> 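Quick one: this structure, given as structure tokens, is what I'll be asking you about.
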There are 2 protein chains.
Amino acid sequence: MIRVLIAEDQSMVRGALRALLELEDDIEVVAEVGRGDEVVAAALEHAPDVALLDIEMPGCDGLEAARALAAAVPATRAVVLTTFGRPGFLRRAMEVGAAGFLVKDAPVAELARSIRAVVAGERVIDRDLAAAALAIGPTPLSGREADVLREAAGGATVAEIARRLFLSEGTVRNYLSSAIGKTGARTRVEAARVAEERGWL
Amino acid sequence: MIRVLIAEDQSMVRGALRALLELEDDIEVVAEVGRGDEVVAAALEHAPDVALLDIEMPGCDGLEAARALAAAVPATRAVVLTTFGRPGFLRRAMEVGAAGFLVKDAPVAELARSIRAVVAGERVIDRDLAAAALAIGPTPLSGREADVLREAAGGATVAEIARRLFLSEGTVRNYLSSAIGKTGARTRVEAARVAEERGWL
DNA sequence: GGTCTCCCCTGACAGATGTCAGGGGAGACC
DNA sequence: GGTCTCCCCTGACATCTGTCAGGGGAGACC
């Protein structure tokens with residue numbers, strides 16, 4: 001019997017996923033949590049074979065929970081299940097050692113099949129998404145451009161960014177402009193969004 | 001037996017909701033669609049008692065589908081099931097005649113209970129959300145301010161907005177500035193977002 | 001050793017954004 | 001009838017944004 005922990009902040013979706021998985025003869029949901037920071041404690045207590053982790057959760061996000069899980073409960077394999085199949089998320093998921101990465105618009109049978117596959121030692125990643133993540137290539141942003149764009153993404157003004165990074169305002173403006181050009185965006189906000197989606201930030 | 005149609009673009013979530021509902025003895029899922037513009041045709045074919053409608057779907061959104069449903073299949077009651085419990089969405093749902101409005105972070109038992117309640121002729125709306133929607137009050141934006149903000153939300157420049165609405169650029173700037181002030185935002189983009197969330201746009 | 005490219009850094013400038021001051025008309029109020 | 005308030009409208013102006021030109025240093029290449 002494959003033991004599964006579900007981490008999903010929307011309780012209705014969590015309950016629906018539980019109902020779906022318990023249709024399977026060989027899968028049992030042993031724990032449910034609604035916050036990222038409850039994952040490790042629940043895994044230690046219930047010893048699931050697989051942890052199904054949404055990304056956007058209160059407490060901490062699913063990717064951070066996957067990292068903590070890998071350190072604290074190595075026998076539990078993390079499978080990320082997310083709404084947005086963003087290459088940036090896929091990259092981070094691979095970096096933290098997740099065994100699987102699913103998006104919620106995959107066919108419903110994919111869920112149970114993927115859980116069985118990761119228990120059998122396979123890695124489960126949507127091929128199209130993997131190709132998209134690889135096709136993006138390495139970041140075109142220099143270190144400083146990324147630093148400045150990250151601050152801008154949080155809403156900081158040029159003056160604030162200049163202070164924080166010990167640069168002049170002209171320098172900050174130039175780095176923002178360069179980042180806008182490299183991402184093909186029209187504004188710094190859009191550039192930050194594009195960079196995040198592609199895993200460059 | 002209560003017949004239910006599910007409209008949800010994420011097939012895995014759709015399948016999970018189906019599994020959840022079919023745990024109930026008195027509920028049967030008779031149709032599933034993944035696009036807003038397939039709802040009416042499916043409802044005509046399968047004659048569901050209740051249509052469970054996500055909002056953000058390709059084709060057309062769930063609120064538009066609810067409106068079309070009310071016109072074409074009056075016997076089918078629409079229940080909106082959405083990720084974001086935004087007062088603006090609630091208002092629009094009530095305007096198009098939806099019988100229920102649920103958010104995905106409600107307790108899982110709420111789903112079947114709500115379906116039964118709307119079939120029995122009740123209206124099902126989260127009380128906190130209804131209170132929030134009412135507390136917002138009528139829009140503080142004047143007609144022209146709303147017109148200009150709507151265009152800005154779509155990314156138009158001041159010059160473009162001026163042309164489209166037959167105003168001078170100074171007038172457009174002034175209306176944008178006023179809207180920014182009334183919504184407590186810092187930029188026109190943020191003002192548009194706040195207005196949309198509150199149902200003022 | 002010389003040249004080239006990239007990164008890091010900076011200030012000047014044109015265009016965009018948001019604020020401010022102000023006018024005319026309509027409706028409410030006294 | 002006069003006054004007040006709000007909406008609709010406009011241009012001037014200060015500030016912000018993004019682009020451009022340019023310099024120095026480090027490393028790769030010849």
Side-chain angles (χ1 to χ4, degrees), chain A residues 88 91 134-201, chain B residues 88 91 134-201:
Chain A
R91 282 177 167 203
L134 290 168
I136 282 176
T139 178
L141 301 175
S142 72
R144 280 307 234 180
E145 286 167 356
D147 288 343
V148 163
L149 195 59
R150 198 169 290 117
E151 298 289 339
T157 64
V158 164
E160 286 167 344
I161 297 172
R163 267 199 300 283
R164 288 178 196 168
L165 301 181
F166 307 99
L167 297 171
S168 80
E169 294 188 19
T171 300
V172 170
R173 265 195 268 291
N174 193 46
Y175 289 159
L176 287 174
S177 184
S178 179
I180 289 169
K182 287 178 175 178
T183 54
R186 294 205 307 175
T187 66
R188 67 184 70 158
V189 168
E190 190 182 329
R193 185 180 56 73
V194 168
E196 275 176 358
E197 285 178 356
R198 293 178 185 174
W200 292 342
L201 272 193
Chain B
R91 283 177 166 203
L134 289 168
I136 281 173
T139 178
L141 301 176
S142 74
R144 281 307 235 182
E145 285 166 357
D147 289 342
V148 164
L149 196 58
R150 198 171 289 119
E151 298 291 336
T157 64
V158 164
E160 285 166 344
I161 298 172
R163 267 197 302 283
R164 289 178 195 167
L165 300 183
F166 306 99
L167 298 171
S168 80
E169 294 187 22
T171 300
V172 170
R173 265 196 267 290
N174 192 47
Y175 289 159
L176 287 175
S177 186
S178 179
I180 289 170
K182 288 179 176 176
T183 53
R186 294 203 309 176
T187 66
R188 66 183 73 157
V189 168
E190 190 183 330
R193 184 180 56 75
V194 167
E196 275 177 355
E197 283 178 357
R198 293 179 185 175
W200 292 342
L201 275 192

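None of the values given here were measured: they were computed from a predicted structure.
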> So, do A:I136 and A:R91 sit near enough that their side-chain heavy atoms are less than 4.5 Å apart?
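Yes, close enough: below the 4.5 Å cut-off.
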> Please state how far atom CG in A:L141 lies from atom P in C:dC6, giving the value in whole angstrom units.
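Nearest whole value for this atom pair: 15 Å.
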> Give me the residues of residues 143-153 of chain B where at least one heavy atom lies under 4.0 Å from an atom of DNA chain D, by number, or none.
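Only B:G143, B:R144 qualify.
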> CZ/B:R173 to CD1/B:I180 distance, rounded to the nearest 0.5 angstrom?
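One finds 11.5 Å between CZ of B:R173 and CD1 of B:I180.
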> So which heavy atom on A:S168 is nearest to which on A:A162, and how close?
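That would be C-CB, 4.0 Å.
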> Could you identify the nucleotide paired to C:dG23, looking across every strand shown and requiring Watson-Crick or G-U wobble geometry with both distances under 3.5 Å?
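With both distances under 3.5 Å, C:dG23 matches D:dC8.
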> Quick one: closest heavy-atom pair of B:L165 and B:R144, and the distance?
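Scanning both residues, the minimum pair turns out to be O-NH2, 3.2 Å.
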> If I take atom CG from residue A:N174 and atom CD from residue A:E169, how far apart are they, to the nearest 0.5 angstrom?
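Nearest 0.5 Å value for the CG-CD distance: 13.5 Å.
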> Given that both distances must come in under 3.5 Å, which nucleotide forms a Watson-Crick or G-U wobble pair with D:dA28?
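When the pairing criteria are applied, C:dT3 turns out to be the nucleotide that pairs with D:dA28.
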> Counting only side-chain nitrogens and oxygens, does A:S142 get under 4.0 Å of the OP1 or OP2 atom of C:dC6?
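Looking at the OP1 and OP2 atoms of C:dC6, neither is under 4.0 Å from any side-chain N or O of A:S142.
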> Under 3.5 Å for both donor-acceptor distances, Watson-Crick or wobble: does C:dG15 have a partner, and if so which one?
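Base partner found: D:dC16.
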> To the nearest 0.5 Å, what is the distance between CZ on A:R150 and CD1 on A:I161?
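Going from the CZ atom of A:R150 to the CD1 atom of A:I161 covers 12.0 Å.
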> Output the rounded distance in Å from CD (A:E169) to P (C:dA12).
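From A:E169 CD to C:dA12 P: 12 Å.
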> Do B:V189 and A:V189 touch side chain to side chain, with heavy atoms closer than 4.5 Å?
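They are not in contact (no side-chain heavy atoms under 4.5 Å apart), so the answer is no.
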> Measuring from atom CZ of A:R188 to atom OH of A:Y175, what distance do you get when rounded to the nearest 0.5 angstrom?
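Output value for this atom pair is 15.5 Å.
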> For B:T171, answer base if it contacts any base atom (sugar-phosphate contacts may also be present), sugar-phosphate if it contacts only those atoms, and nothing otherwise; contact means non-hydrogen atoms under 4.0 Å.
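The answer is base, as B:T171 lies within the cut-off (heavy atoms under 4.0 Å) of a base atom.
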> What is the distance from CZ of B:F166 to P of D:dT10, rounded to the nearest Å?
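Taking CZ of B:F166 and P of D:dT10, I get 12 Å after rounding.
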> Reading nucleotides 14-28 of chain D 5' to 3', which nucleotides get B (base under 4.0 Å from a protein heavy atom), which S (sugar-phosphate only), which -?
---BBBBB-------
> Side-chain atoms of residues 194-201 of chain A: list all donor-acceptor pairs with protein atoms under 3.5 Å, sequence neighbours left out, distances to 0.1 Å.
{"residue": "A:E197", "atom": "OE2", "partner": "A:R193", "partner atom": "NH1", "Å": "3.1"}
{"residue": "A:W200", "atom": "NE1", "partner": "A:G137", "partner atom": "O", "Å": "3.4"}

